[in-house]
K.L.:
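Just dropping this structure here.
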Amino acid sequence: MIPGLLLAAALAVRAEPAPQASKLPEDLGPATIDVSSYPPEQRRVYKEVFLRVYGFLDGGPARAINSPLLEIDPAGEAAERRAHPGEYSDASLVAPSRDGWRREVLRVKLRPPCCGACPVLSGEEARQLWNFLVYDSVRRKTGPAAAAWFSSRRELIRRFAAGKGGK
């Protein structure tokens, strides 16, 4: 077959790309969150910075939204550990850290631009993104929301393990 015809034939039968396999349990969770009750600045950062930046990263917004990472102060962590001792002994459910989201945002900010279309974070946007991720994770993973968070994490982990043949 002539090379040009071969290319045309390949393009004519091109199927939709196969869905990307989930690399982490987080990838199986929702890719958006309801921020309607968040303060106006947090809603703005979610829409203008978080979704724009994480839309280009491996795993997309779902990976950050469903991450067990929780940046919390020592007193808050101690209170949550007392309230949920079993869950806090399992890092797959919640991974408290003093600076975990700060390190994650720094990693995102310092990644080299790849294609010219990917967003590059300014210093101010990085600060806003870090502030949003800390606020959101504390709001959705602690206090009255903790039980729902642990339930959803367990379900993501179960689904992920089932998709891997239960391994």
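One-based numbering along the sequence shown.
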K.L.:
Given side-chain contact (heavy atoms from CB on, under 4.5 Å), test I72 with T142 step by step and report yes or no.
P.N.:
CA-CA 10 Å; I72 191 169; T142 65; 4.1 Å; yes
K.L.:
Are the side chains of P68 and E26 in touch, meaning some heavy atoms are under 4.5 Å apart?
P.N.:
yes
K.L.:
Would you say the side-chain atoms of E125 pair up with the backbone N or O of V49, donor to acceptor, closer than 3.5 Å?
P.N.:
no
K.L.:
Taking ring pair (Phe, Tyr, Trp, His ring centres under 6.0 Å) as the test, write out the residues that go with Y88, two or more places apart.
P.N.:
none
K.L.:
Tell me whether L57 is reachable from L51 by hopping between hydrophobic residues (I, L, V, M, F, W, Y) whose side-chain heavy atoms are closer than 4.5 Å.
P.N.:
yes
K.L.:
For R140, is there an ion pair with D136 - N to carboxylate O distance below 4.0 angstrom?
P.N.:
yes
K.L.:
Listed by chain and number, what are the salt bridge (charged side-chain N to carboxylate O under 4.0 Å, His left out) partners of R44, not counting sequence neighbours?
P.N.:
E41, E48
K.L.:
Look at the side-chain heavy atoms of Ile, Leu, Val, Met, Phe, Trp and Tyr, link any pair under 4.5 Å apart, and say whether L24 and I33 land in one connected group.
P.N.:
no
K.L.:
Inspect the contact between K141 and E80 and indicate whether a charged nitrogen and a carboxylate oxygen are less than 4.0 angstrom apart.
P.N.:
no
K.L.:
Take the angle between the ring planes of F50 and F132 and call it parallel below 30°, perpendicular above 60°, tilted in between.
P.N.:
tilted
K.L.:
Going hydrophobic residue to hydrophobic residue with side-chain gaps under 4.5 angstrom, can you get from F150 over to L28?
P.N.:
no
K.L.:
Taking it one step at a time, do R154 and E87 satisfy salt bridge (charged side-chain N to carboxylate O under 4.0 Å, His left out)?
P.N.:
CA-CA 10 Å; R154 283 187 183 98; E87 287 82 356; 3.2 Å; yes
K.L.:
Output, in order, the C-alpha distance, side-chain angles, deciding distance and verdict of side-chain contact (heavy atoms from CB on, under 4.5 Å) for S37 and R139.
P.N.:
CA-CA 11 Å; S37 64; R139 177 133 178 192; 2.7 Å; yes
K.L.:
Check A31 against P61 and note the closest heavy-atom contact, atom names and distance.
P.N.:
O-CB, 3.3 Å
K.L.:
Is a side-chain donor or acceptor of D27 paired with a backbone partner of A62 at a separation under 3.5 angstrom?
P.N.:
no
K.L.:
So do the side chains of V45 and N131 get within less than 4.5 Å of each other, counting heavy atoms only?
P.N.:
no
K.L.:
Would you check if P96 and R81 make a side-chain contact, meaning some heavy-atom pair closer than 4.5 Å?
P.N.:
yes
K.L.:
State whether the side chain of S137 and the backbone N or O of L133 hold a donor-acceptor pair below 3.5 Å, judged by distance alone.
P.N.:
yes
K.L.:
Can you see which heavy atom on A91 is nearest to which on A95, and at what distance?
P.N.:
O-CB, 4.0 Å
K.L.:
Who passes salt bridge (charged side-chain N to carboxylate O under 4.0 Å, His left out) against R111, sequence neighbours left out?
P.N.:
none
K.L.:
Could you check whether any side-chain N or O of R153 sits under 3.5 Å from a backbone N or O of S92, counting only pairs where one atom can act as donor and the other as acceptor?
P.N.:
yes
K.L.:
I'd like to know whether D58 forms a side-chain contact (heavy atoms from CB on, under 4.5 Å) with R63, so could you lay out the CA-CA distance, the side-chain angles of the two residues, the decisive distance to 0.1 Å, and finally the verdict.
P.N.:
CA-CA 8 Å; D58 194 25; R63 191 163 292 175; 3.5 Å; yes
K.L.:
Quick check: is F160 connected to L93 through a chain of hydrophobic side chains (ILVMFWY, heavy atoms under 4.5 Å apart)?
P.N.:
no
K.L.:
Cluster question for you: counting only ILVMFWY and a side-chain heavy-atom cut-off of under 4.5 Å, with indirect links fine, are L156 and I65 together?
P.N.:
no
K.L.:
Dump the intermediate steps for ring pair (Phe, Tyr, Trp, His ring centres under 6.0 Å) on Y38 and Y46, then the final yes or no.
P.N.:
CA-CA 10 Å; Y38 287 19; Y46 171 74; 7.7 Å; no
